[in-house]
Each structure stands twice: as C-alpha cells, then as structure tokens.
Amino acid sequence: MGNPIKHSKSPAIHTMFAARTGESVHYEALLVEPGDFRQAVDRFFLGGGRGLNITLPFKQEAWQLADRLTERARLAGAVNTLWKDDEGLLWGDTTDGVGLVRDLICNHEQSITGKQVLILGAGGAVRGIIAPLLEQGPAHITIANRTESRALALAELFDLSGTVAACGFAEVVGPFDLIINGTSASLQGECPALPDSVLHANTVVYDMMYSAHNTVFIQWAKDRGCIGIYDGLGMLVEQAAESFSIWRKIRPETIGVVAKIRSGLI
Ligand code: NDP
C-alpha cells in the first residue's frame with residue numbers, strides 16, 4: 001500500500017520469491033488515498049489478506065495503527081510490514097535496516113563490526129537503519145545531515161553507548177571505513193557537500209537509492225577512485241525477503257532476483 005504505488009517493484013519481487021520457494025502467493029500494489037489508510041488495512045485483512053508492505057506516505061500511520069511493534073520498528077518510528085497473529089493482533093515491523101545490513105554483509109561481504117561509519121541524512125530511512133547497524137557493533141557512527149538539528153535528534157535517540165554522534169556536512173571529520181548515503185539528494189541530482197578527507201583507500205560507499213544509471217553520489221565515489229561502491233537495489237530486495245520470511249516462514253534466495261532487476265528483465 002502506498003501513494004504513489006505504480007512504480008513499485010515489490011509485486012515483481014514477491015512473485016519471484018513465491019516462484020523460487022514454491023509458495024502460493026498473490027501480491028499486488030494497492031493505491032490508497034490519503035485519509036483512507038486505516039480503512040484500507042481493515043478491508044485488506046477482513047478480505048483474507050495475510051500480510052502488507054507499507055510505503056510512503058503511510059509508514060508512520062502504520063506504526064501508530066499496529067497493536068504490537070517489534071523493537072526495531074519501535075525505534076524506527078515507522079513500519080513497512082504488517083501482519084496479524086493468531087489472536088488477531090496487528091503486528092508492525094520495519095525491514096529496511098536489516099535489508100541494508102544483509103545486503104552489505106551477505107551480498108557484498110562487507111563487515112560493519114569495528115568500523116567507522118558515516119551516515120548521510122537524518123530522515124525516515126536513516127532512522128530505520130541505525131538500530132540494525134548498531135547491532136553489528138561498529139566502532140562509531142557519525143550521522144551528518146544538511147539540517148544539523150535533525151541529525152542531533154537522531155543521535156540523541158540512539159546514542160545509548162556513546163557510539164553515535166551527529167554534525168552538519170561541513171563539520172564531518174574523517175576518514176571513514178563505510179559511508180552510507182541515506183539522503184534523497186540524488187533524486188534532485190545533488191550530492192551532499194563532503195570533503196575528500198572522509199575517504200581512505202578502502203572506504204566502502206553505499207547509496208541507499210537505486211537507479212538504473214549512476215546516482216550523483218555513486219559518481220562522486222567513482223571519481224575519487226573508490227573500489228567498494230554499491231547502490232540500494234540489494235537493500236530493496238533484502239527488505240522484501242525479510243518481509244516475505246515473516247509472512248511465509250521461509251527465506252527466499254535474493255541474488256538471482258537482484259540480477260534479474262539489474263539486467264532490466266523486470
Ligand atoms: P526523507 O524525506 O525522510 O529524508 C530526506 C533526507 O535527505 C533528509 O535528511 C534531508 O535533509 C536529506 N536531503 C534531501 N535533499 C537533500 C539535498 N539536496 N542535499 C543534502 N541532503 C538532502 O526521505 P527518506 O529518509 O524516506 O529516504 C531517503 C532515501 O533513502 C531516498 O533516496 C530513498 O529512495 C532511499 N531509500 C531506499 C530504500 C531501499 O530499500 N533501497 C528504502 C528506503 C529509502 P534535511 O533534513 O536537511 O531536509
């Protein structure tokens with residue numbers, strides 16, 4: 001459920017998961033009008049629906065609607081996965097963060113443990129990735145945002161162990177082992193203004209945005225000779241796989257699905 005929703009790759013991704021796992025699944029994109037979200041969720045489950053993914057602009061509303069939240073969803077303040085338990089309680093989870101972590105670790109063989117991490121942005125997507133990243137035991141996380149106060153608010157929320165700090169882009173002091181772009185700057189053809197000193201020879205760079213062409217941020221990293229450069233397609237597929245495994249109790253294979261989307265087959 002979302003608005004807009006036509007662009008969503010989720011129906012194709014979940015249909016491929018169903019084929020690969022032998023599960024009988026019908027997954028479609030539902031356009032929901034603003035103001036009709038709660039009723040749409042009710043109609044869906046009353047009609048026999050088993051699980052929902054929620055995208056913009058309803059992730060916060062879904063968080064409020066859920067009877068029970070997983071711990072990571074509670075911290076994220078947003079929900080992208082809904083389902084009902086045997087007692088009819090509506091559960092909410094967020095799978096974006098674990099999707100990012102799985103993509104980095106399982107698909108790209110990058111460790112987060114002990115690493116100096118820089119996160120760019122302090123919006124909804126970034127709030128959802130901090131707890132799963134912290135679970136991996138990084139040495140330190142710096143959150144840098146155009147509006148510094150939003151980065152500070154996030155750091156305050158998550159800094160229970162002195163591991164998370166915040167600043168504006170101009171104050172970032174590197175270098176970092178891993179830089180994650182969680183801003184939507186690429187959508188406007190822009191790149192957060194960072195000094196080259198954020199990079200060292202082996203810095204891994206990850207843009208949460210996915211595009212068929214290089215994003216401005218990916219191009220920035222390429223121009224500076226970075227070697228480990230990844231976009232958010234794997235994260236998109238991994239967050240879907242996590243939702244699928246919550247609903248169907250079986251984890252689908254993801255590498256082939258990423259490859260199919262990458263090659264333009266879906
Ligand atoms: P929000 O609107 O909640 O936050 C946007 C963030 O980007 C804010 O921190 C904002 O800074 C910053 N920003 C926007 N424009 C610029 C700019 N020109 N220069 C610098 N910073 C800028 O968006 P979301 O958090 O929901 O999404 C962020 C990105 O993450 C999107 O590109 C989205 O596609 C991607 N994403 C990818 C997923 C995946 O599965 N791969 C899943 C979810 C999100 P400020 O606070 O100053 O306004």
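Index from 1, following the sequence. All ligand and atom numbering here is 1-based and tracks the order in the structure.
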> What is the minimum heavy-atom distance between A66 and G92, and which atoms define it?
Replying inline: CB-N, 3.8 Å

>> Starting from atom 16 (C) of ligand 1, what is the nearest protein heavy atom, named by residue and atom, and what distance separates them?
In response: R146 NH1, 3.3 Å

> Which residue and non-hydrogen atom of the protein lie closest to atom 42 (C) of ligand 1, and at what distance in Å?
Replying inline: M235 CE, 3.9 Å

>> Closer than 4.0 Å to some heavy atom of R150 - which atoms of ligand 1 meet that?
In response: 8 (C), 45 (P), 46 (O), 48 (O)

>> Yes or no, since that's all I need: does a protein heavy atom fall within a distance strictly under 4.0 Å of atom 40 (O) of ligand 1?
In response: yes

>> If I compare all heavy atoms of I13 with all of A240, which pair ends up nearest, and what's the gap?
In response: CG2-CB, 3.8 Å

>> Under 4.0 Å, heavy-atom basis, I'd like to know which part of E190 is in contact with ligand 1: side chain, backbone, both or neither.
In response: side chain

> Got a protein heavy atom sitting under 4.0 Å from atom 28 (C) of ligand 1?
Replying inline: yes

> What is the nearest protein non-hydrogen atom to atom 3 (O) of ligand 1, stated with its residue, atom name and distance?
Replying inline: G124 N, 3.0 Å

>> Quick check on contacts: which atoms of ligand 1 are under 4.0 angstrom from a heavy atom of G121?
In response: 9 (O)

> Could an N or O of ligand 1 be found under 3.5 Å from any N or O of L187, whether backbone or side chain?
Replying inline: no

> Going by the order shown, which atoms of ligand 1 are within less than 4.0 Å of some heavy atom of G182?
Replying inline: 28 (C), 29 (C)

> Of the backbone atoms (N, CA, C, O) and the side-chain heavy atoms from C-beta on, which set of F169 has a member under 4.0 Å from an atom of ligand 1: side chain, backbone, both, or neither?
Replying inline: side chain

> Which of these passes side-chain hydrogen bond (donor to acceptor under 3.5 Å, both in side chains) with S243: N80, T94, T81?
Replying inline: T81

>> With heavy-atom distances below 4.0 Å as the criterion, list the atoms of ligand 1 near T147.
In response: 45 (P), 46 (O), 47 (O)

>> Starting from atom 15 (N) of ligand 1, what is the nearest protein heavy atom, named by residue and atom, and what distance separates them?
In response: Q188 NE2, 3.2 Å

> Do N214 and Q219 have side-chain N/O donor and acceptor atoms under 3.5 Å apart?
Replying inline: yes

>> Ignoring hydrogens, what is the shortest heavy-atom contact between T203 and F176? Give both atom names and the distance.
In response: OG1-O, 2.8 Å

> What residue and atom, counting heavy atoms only, is the protein's closest point to atom 12 (C) of ligand 1, and at what distance?
Replying inline: T183 CB, 3.7 Å

> Is the shortest distance from a heavy atom of G99 to ligand 1 less than 4.0 Å?
Replying inline: no

>> Does ligand 1 come near enough to A125 that some N or O of the ligand is less than 3.5 Å from an N or O of the residue?
In response: yes

> Starting from atom 19 (N) of ligand 1, which protein heavy atom do you reach first, and at what distance in Å?
Replying inline: A185 CB, 3.6 Å

> Once the angle between the rings of W220 and F217 is folded into 0 to 90°, is it parallel (under 30°), tilted (30 to 60°) or perpendicular (over 60°)?
Replying inline: parallel

> Is there a nitrogen or oxygen of Q239 sitting under 3.5 Å from a nitrogen or oxygen of ligand 1?
Replying inline: no

> Do we see a donor-acceptor contact under 3.5 Å between the side chains of T254 and E238?
Replying inline: yes

>> When you compare ligand 1 with M208, is there at least one nitrogen or oxygen pair between them that comes in under 3.5 angstrom?
In response: yes

> Hey, does A122 come in under 3.5 Å of ligand 1, counting only N/O atoms on both sides?
Replying inline: yes

> Nearest protein heavy-atom contact for atom 34 (O) of ligand 1: which residue, which atom, what distance?
Replying inline: M209 CG, 4.2 Å

>> Checking side-chain polar atoms at under 3.5 Å, does Y206 have a donor or acceptor matched by the opposite partner on D231?
In response: no

>> I'd like to know if R251 pairs up with E242 as an ion pair, taking the criterion as any Lys NZ or Arg NE/NH1/NH2 lying under 4.0 Å from an Asp or Glu carboxylate oxygen.
In response: yes

>> Counting only nitrogen or oxygen atoms and a 3.5 angstrom limit, does K59 reach ligand 1?
In response: no

> When you measure from atom 2 (O) of ligand 1 to every protein heavy atom, which one gives the shortest distance, and what is it?
Replying inline: S184 OG, 4.5 Å

> Can you name the nearest heavy-atom pair linking F244 to H14, along with the distance?
Replying inline: CD1-ND1, 3.5 Å

>> If we count only N and O atoms by modelled type, under 3.5 Å, do the side chains of N181 and T183 hold a donor and an acceptor together?
In response: yes

> Below 3.5 angstrom, do we get any N/O pair linking D96 and ligand 1?
Replying inline: no

>> Please work out, at 4.0 Å between heavy atoms, whether the side chain, the backbone, both, or neither of N145 comes within that distance of ligand 1.
In response: side chain

> Do you know which two heavy atoms are closest between F158 and L134, and how far apart they sit?
Replying inline: O-CD1, 3.9 Å

> Quick one: does L120's side chain get under 4.5 Å of N145's, heavy atoms only?
Replying inline: no

> For N53 and Y27, does a side-chain donor sit closer than 3.5 Å to a side-chain acceptor?
Replying inline: yes

> Which atoms from ligand 1 have a heavy atom of G123 less than 4.0 Å away?
Replying inline: 3 (O), 4 (O), 9 (O), 25 (O)

> Is D36 salt-bridged to R43, going by a charged N under 4.0 Å from an acidic O?
Replying inline: yes

>> Please check whether G232 reaches ligand 1 - meaning an N/O of the residue sits under 3.5 Å from an N/O of the ligand, judged on distance alone.
In response: yes

>> Looking at every heavy atom in both A73 and D93, which two are closest together, and how far apart are they?
In response: CB-CA, 3.7 Å

